[in-house]
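All remarks here apply to the structure that follows.
Just so we're on the same page: letters track the sequence lines, and every chain starts at 1.
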There are 4 protein chains.
Amino acid sequence: MSTEKQLGQRAQRKAQRPQEILEAAFEEFVERGYVATRVEDVASRVGVTKGTIYFYFETKERLFEEMIRHISVPFADISANAKNLSGSYSEKIRMFIRLLYDRIVMDRNTRELLRFVLTEGSRFPQVVDRHHEEFIVPFKKAARDILEAGVAAGEFRNALAVKIPDAAIGATMMLSVWQMLFADRKPQDVEAFFEAHVDVILHGLIAKDGADCE
Amino acid sequence: MSTEKQLGQRAQRKAQRPQEILEAAFEEFVERGYVATRVEDVASRVGVTKGTIYFYFETKERLFEEMIRHISVPFADISANAKNLSGSYSEKIRMFIRLLYDRIVMDRNTRELLRFVLTEGSRFPQVVDRHHEEFIVPFKKAARDILEAGVAAGEFRNALAVKIPDAAIGATMMLSVWQMLFADRKPQDVEAFFEAHVDVILHGLIAKDGADCE
Amino acid sequence: MSTEKQLGQRAQRKAQRPQEILEAAFEEFVERGYVATRVEDVASRVGVTKGTIYFYFETKERLFEEMIRHISVPFADISANAKNLSGSYSEKIRMFIRLLYDRIVMDRNTRELLRFVLTEGSRFPQVVDRHHEEFIVPFKKAARDILEAGVAAGEFRNALAVKIPDAAIGATMMLSVWQMLFADRKPQDVEAFFEAHVDVILHGLIAKDGADCE
Amino acid sequence: MSTEKQLGQRAQRKAQRPQEILEAAFEEFVERGYVATRVEDVASRVGVTKGTIYFYFETKERLFEEMIRHISVPFADISANAKNLSGSYSEKIRMFIRLLYDRIVMDRNTRELLRFVLTEGSRFPQVVDRHHEEFIVPFKKAARDILEAGVAAGEFRNALAVKIPDAAIGATMMLSVWQMLFADRKPQDVEAFFEAHVDVILHGLIAKDGADCE
DNA sequence: GATGAATGAGCATTCATTCAT
DNA sequence: GATGAATGAATGCTCATTCAT
């Protein structure tokens with residue numbers, strides 16, 4: 001017991017090392033990309049030396065893959081949340097898209113994860129595949145579920161987008177891309193974008209006679 | 001005819017070399033990214049040796065930048081076309097988005113250009129800036145012009161998206177990203193996506209009483 | 001003893017490496033000059049590989065500069081010795097020139113240092129400047145000091161060379177140059193040269209009536 | 001005849017080409033040394049292209065060697081002049097050293113030739129050997145001839161330097177080296193140096209009683 | 001004679017990886 | 001566990017040299 005206490009700090013440190021390394025790796029890979037990041041850069045950021053990295057991770061490739069895993073919070077939670085939404089289906093779709101914005105646009109990890117998939121995809125096909133299964137498929141399913149339920153409830157019309165929910169929700173991606181490109185230099189008004197997005201896919205652009213859709 | 005003879009084989013060759021090299025560079029950079037592409041890879045693809053590449057381009061960086069310039073067809077044409085669209089504003093917005101799909105989703109050059117901007121942006125900030133000026137700004141302007149004209153004509157309601165046209169048109173980007181990621185492995189039904197996209201932003205999702213929005 | 005053990009083989013090695021490398025660099029640069037010497041040549045001579053050189057020295061330029069520093073034993077010692085000379089001023093000037101021969105003509109490091117200054121000066125202007133300050137200026141001063149003291153003591157006449165001591169001592173340089181050029185192939189009789197040099201500047205060439213100057 | 005006149009200019013040009021190239025080569029090799037000078041640099045200076053250089057000179061090595069030959073004006077003239085000197089032997093030695101200063105110190109070609117011998121000697125041993133035969137041996141002989149004649153005439157004492165004339169004349173080299181090193185930055189007073197040199201070797205440093213040697 | 005496109009050997013430098021301490 | 005000296009393959013870039021035009 002006393003031994004445990006004595007070693008306490010060091011042991012904790014040790015247990016955290018892999019985490020620390022993965023987080024440092026994330027920052028470095030974000031800054032320079034896979035090829036241009038040196039293992040030593042990661043080590044310096046953690047405050048250790050190259051050798052230590054290799055003690056925990058076989059190769060630079062492995063380090064990258066594990067880093068990707070580490071920052072990947074599968075889509076499950078959004079799917080789960082999506083099921084618990086309350087209110088009208090319009091409200092539900094609004095909340096769902098809200099969740100997406102918080103993830104895809106606002107959450108740095110998720111945004112950079114997407115960038116990694118785009119930039120290093122050819123070098124790490126498994127990463128692309130995993131991303132497809134863990135994020136894109138569940139995301140599409142969750143979206144379709146809400147839309148279909150909305151149709152069944154008579155609140156939504158049976159629009160073409162019910163089968164292809166990306167067509168309704170996809171604007172999210174444009175904002176995400178703008179963020180990736182210009183995050184720093186040309187800040188976006190995310191809230192306004194979000195409201196405009198939800199508004200347009202719920203009511204459309206065409207002015208209706210009689211009832212104004214606005 | 002006489003011109004061809006005057007030029008001679010060698011001269012012809014020389015005139016084409018830069019083009020050939022830039023196209024080979026495009027393919028290689030697409031496949032492996034900037035850092036991982038060796039100048040020699042580009043040379044082999046053209047069927048020459050390293051030295052020849054350096055005869056035409058000072059450095060690898062320059063080669064990349066010139067390649068980007070070479071595949072960049074500024075947005076001007078779309079803006080121009082956008083002004084000549086005929087029919088109702090619903091028709092016009094449909095045609096406009098159609099043009100976008102042809103460019104951003106279907107045209108490989110433009111798609112990969114976007115990927116380069118995303119992947120190599122930190123290494124080539126000028127490329128990002130140029131892309132913003134030549135593509136994104138004109139694109140947003142063209143979109144806003146149509147929407148505002150549609151509102152002025154009374155055909156469109158004064159939706160929030162009129163000020164933020166990306167919110168209406170942005171789904172395009174999601175399809176583009178899907179293409180970048182899975183073009184080969186998970187083909188998309190671009191036509192269906194397009195139709196669903198146009199349908200949803202014109203009519204919205206909510207079922208209208210009395211008049212069915214579809 | 002304990003120190004040696006504490007250091008360990010590896011530590012000892014490491015402490016000596018820079019020295020070893022600098023000495024190998026000296027030999028290689030002497031043999032081939034800066035441009036024609038390959039970093040790998042230096043490595044081979046030490047018995048390591050290229051990478052090791054770069055572990056200790058940032059660039060080939062730095063390696064050269066540090067090597068120059070390493071072989072440069074500033075002139076301070078000669079100046080110091082010059083002050084402690086005893087005997088008549090004729091004796092003193094004789095001893096002083098003797099010191100110079102030992103350095104400029106006989107000492108390989110100093111001789112090659114001069115050659116480096118001549119051959120690589122345009123590439124390394126700082127090296128030329130440092131050489132001027134550390135060698136040439138102190139050398140001239142020390143020489144002038146002796147000559148002036150000799151004049152003050154009435155032993156030397158107030159010859160023009162008192163203000164321009166190089167004119168009296170400069171023959172040293174010719175022998176040094178002969179050494180640089182033909183050291184191996186046409187050996188010089190340094191002693192005879194030295195004696196003739198001292199003799200001629202002390203007594204001159206002209207036969208004096210009455211007292212034979214010899 | 002008319003043909004000859006028509007071609008006149010071109011033919012002249014052609015005949016001068018090798019000369020022009022050699023002179024351009026001299027300037028470039030002086031500026032950068034053998035290895036760092038590119039054949040194309042030489043070509044540009046002449047206003048032609050690489051190929052032309054290779055039309056006249058087989059290789060870069062040959063170009064260098066021929067350039068050395070081109071700027072080498074053997075010592076013969078000095079030897080010849082030395083024989084025609086008039087006046088006392090003191091006068092003669094003065095004139096002889098004067099000739100040396102004009103050549104070794106003041107004449108850029110000769111000075112740079114010496115530098116080439118020093119810098120590229122290991123790469124071009126024939127150049128060193130030729131230099132020895134054409135310059136150094138005749139120079140020593142001419143010097144010894146005067147000194148010995150002066151001794152025979154009873155004007156010079158039979159100093160040690162008569163056998164080793166470099167010991168008397170060698171200060172010239174120190175000034176030459178100073179010129180090579182600092183020509184631009186620290187100008188030398190060549191005349192004063194020359195006078196001091198001649199003065200000291202003729203009269204020596206030691207104050208003679210009775211007759212002041214000055 | 002002159003050109004300049006093309007070649008390819010050569011070299012400085014980087015960096016993932018190993019391993020003795 | 002951690003270090004960091006050492007390795008060596010890899011790659012950007014240069015330049016002497018060639019040769020078809």
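DNA chain E is contacted by both D:G51 and B:G51; D:G51 maps to the nucleotide lying nearer its 5′ end (nearest heavy atom per residue). Of the residues near DNA chain F, B:T59 and D:Y34, the one whose nearest nucleotide (by heavy atom distance) lies more toward the 5' end is B:T59.
Note that the CZ atom of C:F26 and the NE2 atom of C:H70 stand 10.5 Å from one another [nearest 0.5 Å].
Here the nucleotide nearest the side chain of A:F55, chosen from E:dT7, F:dA2, E:dA2, is F:dA2. For B:R38, taking side-chain heavy atoms from C-beta onward, the closest of the listed nucleotides E:dC15, F:dA16, F:dT11 is F:dT11. Between F:dA2, F:dT17, E:dA12, one nucleotide has an atom nearer to the side chain of C:V39 than all others, and that is E:dA12. Here the side chain of D:Y54 is nearest to one of F:dT18, F:dA2, E:dT17, namely F:dT18. For A:T49, whose side chain is taken as the heavy atoms from C-beta onward, the closest listed nucleotide among F:dA16, E:dG1, F:dT3 is F:dT3. With distances taken from any side-chain atom of B:V48 to the nucleotides E:dA16, F:dT3, E:dT7, the minimum falls on E:dT7. Nearest nucleotide to the side chain of A:K60, out of E:dT17, E:dG1, F:dC13: E:dT17.
Of the charged side-chain nitrogens involved, none lies within less than 4.0 Å of a carboxylate oxygen, so that D:R123 and D:E65 do not count as a salt-bridged pair. A salt bridge is defined here as a Lys NZ or Arg NE, NH1 or NH2 lying under 4.0 Å from an Asp or Glu carboxylate O, and B:E66 with B:R69 fails to meet this definition.
Base pairing of F:dT7: its partner is E:dA16, meeting the Watson-Crick or G-U wobble criterion (both donor-acceptor distances under 3.5 Å). Pairing partner, E:dT21: F:dA2, with both Watson-Crick or wobble hydrogen-bond distances short of 3.5 Å.
The shortest side-chain heavy-atom distance between A:V48 and A:R17 falls under the 4.5 Å cut-off. Proximity of A:I68 to A:R130: side-chain heavy atoms (C-beta onward) are separated by under 4.5 Å at one or more points.
For the pair A:T52 and F:dG1, the criterion of a side-chain N or O lying under 4.0 Å from OP1 or OP2 is not met.
Summarising the geometry, the separation between CG on A:D41 and P on E:dC15 is reported as 8 Å, rounded to the nearest angstrom. Distance, A:F57 CZ to E:dA16 P: 15 Å, rounded to whole Å. Protein atom CD of B:E28 is 12 Å distant from nucleotide atom P of F:dT11, rounded to whole Å. Straight-line distance from the CG atom of B:L63 to the C1' atom of F:dG12: 12 Å, rounded to whole Å. B:I53 has its CD1 atom 14 Å from the P atom of F:dT14, to the nearest Å. Summarising the geometry, the separation between OH on D:Y56 and C1' on E:dA2 is reported as 9 Å, rounded to the nearest angstrom. Per the geometry, CD belonging to B:E58 stands 13 Å off P belonging to F:dC15, to the nearest Å. Residue D:E40 contributes atom CD, which lies 14 Å from atom C1' of F:dT18 at whole-angstrom precision.
Remark: the C:K50 side chain and the E:dT13 base include a donor-acceptor N/O pair separated by less than 3.5 Å.
The closest donor-acceptor contact from the side chain of A:Y34 to the backbone of A:F116 lies at 3.5 Å or more, if one exists at all.
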